Protein chains: 2
Amino acid sequence: MTGVTSRKRGRPPGTESSDTRDRILTAAREEFSERGYEKTSVRGIAKAAGVDSALVHHYFGTKEQVFEAAVEVAFSPALKMRDVVLEGPIEGAGERMTRFVFGLWENPVTRKPLLAIIRSAVNNEAAAAVFRRLVATQLMRRIADELDTPDAELRAELAAAQLVGVAMMRYVIRIEPVASADVELIIARVAPVVQGHLTNP
Amino acid sequence: MTGVTSRKRGRPPGTESSDTRDRILTAAREEFSERGYEKTSVRGIAKAAGVDSALVHHYFGTKEQVFEAAVEVAFSPALKMRDVVLEGPIEGAGERMTRFVFGLWENPVTRKPLLAIIRSAVNNEAAAAVFRRLVATQLMRRIADELDTPDAELRAELAAAQLVGVAMMRYVIRIEPVASADVELIIARVAPVVQGHLTNP
DNA sequence: GTCTATAGAACGATAGAC
DNA sequence: GTCTATCGTTCTATAGAC
């Protein structure tokens, strides 16, 4: 017997194992973010994680369930964004929102699930649903609730569209010069546009 | 002998056949635009065109060459855009550019190759190269040449990014309410933003 | 010009041994 | 918990008959 307390013996159900699960998730994020849903294979994830492909199915089930588990981490920072944007005067909401989004994209850790979602949502309906849930229902609608303008939801989405578009050009397709431009220069030009979408007449 | 003039006999080389080639191209555009590069199969294109898959290879070679032939039609209207945007006073360039782009997207015929390019460019490097050639080198750079502002190229690309972002939300991912909003309402909000990117201080 | 047939490879998923 | 083995499917691409 090990020197633990007097609870039930053995591992509690549902916690399963060591770090293998996390290694698979990390590998899955890497693969999905680089290749998108269709081009990523369960076998490729398994090889990158140094395990057998059957083990991936053992932990997560189908390929779609692996994807959902891999991108789930993108939701907590995204939900934080709502608070960040709404704390402080409305005149600064555009800049706070722009800075927050570029902060996520510039950080290699948070960038991966975002890339995975955007690369996959374009060709896969399940991933598109994840994208919609992330951008629209969870985020923009709540921000729109705080605007008392007509077309508030549409405005919030057009603001988001500017950010999504820059992300596409800079991080996904990598078109120059926007792909290599200093991020502060981009923020300086984009933040007023986002602000304008939210609050201009 | 047919009643033609006295040139060489038979069909000139390179023109090959009737309308089969066009039927394949139309089917290819349909498939690539709906599924993206990876999920589209040569067999699926062949079936949609009512021919054998080997015939597709016969006409175009590899799958990648089929793709290039299918999206080639997107280039002539895009090149026309440069002229449309630059004819007339610079104060109206934003609206002309916005109207032109939404005109392409709202027309089901021109929408298909655009969808094909954007759905494919996100996961396929060859398609990404097509996208870059279309958006950046052919279009935005030339428009930037006409602006005598600092960061002209970056400005032109941020303007394009707003349009790409709206296209993603409205036509690719289909997020509400922007997916169903009246196009004139969207143009009214987006055109000033595009104009601002191009000419604001 | 259009097809049949097939080579050769990769895929998702499962059953079951250890 | 981890792996071997394998089933059934689908894919690109080519060779070659008609």
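Quantities reported herein were computed from a predicted structural model and do not represent experimental measurements. Proteins get letters first, then strands, A, B, ... in listed order; numbering begins at 1 in each.
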* Roughly, in whole Å, what's the span from CD in A:E31 to P in C:dC11? -> 10 Å

* Only one of B:E30, B:R23, B:R29 forms a side chain to side chain contact (heavy atoms under 4.5 Å, CB included) with B:T26, so which one is it? -> B:R29

* Asked: Please give, in whole Å, the distance from D:dC3 P to A:R43 CZ?
  -> 15 Å

* Shortest side-chain distance from A:H57, nucleotide among D:dC11, C:dA15, C:dA13 -> C:dA13

* D:dT2 OP1/OP2 closer than 4.0 Å to side-chain N/O of A:T20 -> yes

* To do: Give a yes/no on whether any side-chain N or O of B:Y59 is located under 4.0 angstrom from OP1 or OP2 of C:dT2.
  => yes

* **Interatomic distance where CZ belongs to B:F60 and P belongs to C:dG1 [whole Å]** => 14 Å

* To do: May I ask you to decide whether B:E125 forms a salt bridge with B:R132, counting only side-chain N to carboxylate O separations under 4.0 Å?
  => yes

* Give a yes-or-no answer on whether the side chains of B:Y171 and B:E106 include a donor-acceptor pair shorter than 3.5 Å. => yes

* Asked: Of all the choices, D:dA13, D:dT2, C:dC3, which nucleotide is nearest to the side chain of B:K63 once you look at every atom?
  -> D:dA13

* To do: Determine, for A:F75 and A:K80, whether the Lys NZ or Arg CZ falls below 6.0 Å from the six-membered ring centre while staying within 45 degrees of the axis.
  => no

* So which nucleotide from C:dA13, D:dT2, C:dG1 ends up closest to the side chain of B:L55? -> C:dG1

* Structure fact -> Given the options A:K63, A:E31, A:R119, A:Y37 meets side chain to side chain contact (heavy atoms under 4.5 Å, CB included) only with A:K63

* Measure from CG on A:D52 to P on C:dA13 and round the result to the nearest Å. => 15 Å

* **Between D:dT4 (P) and A:K47 (NZ): distance, integer Å** => 13 Å

* To do: Starting at atom CD1 of A:I45, determine the distance to atom C1' of C:dA13, rounded to an integer number of angstrom.
  => 14 Å

* Structure fact -> Separation of C:dG1 atom C1' from B:H58 atom NE2, nearest Å, is 6 Å

* **Rounded distance in Å - CD1 (B:I24) to C1' (C:dT2)** => 10 Å

* Among the candidates C:dC11, D:dT14, D:dT4, find the nucleotide nearest to the side-chain atoms of B:A54. => D:dT14

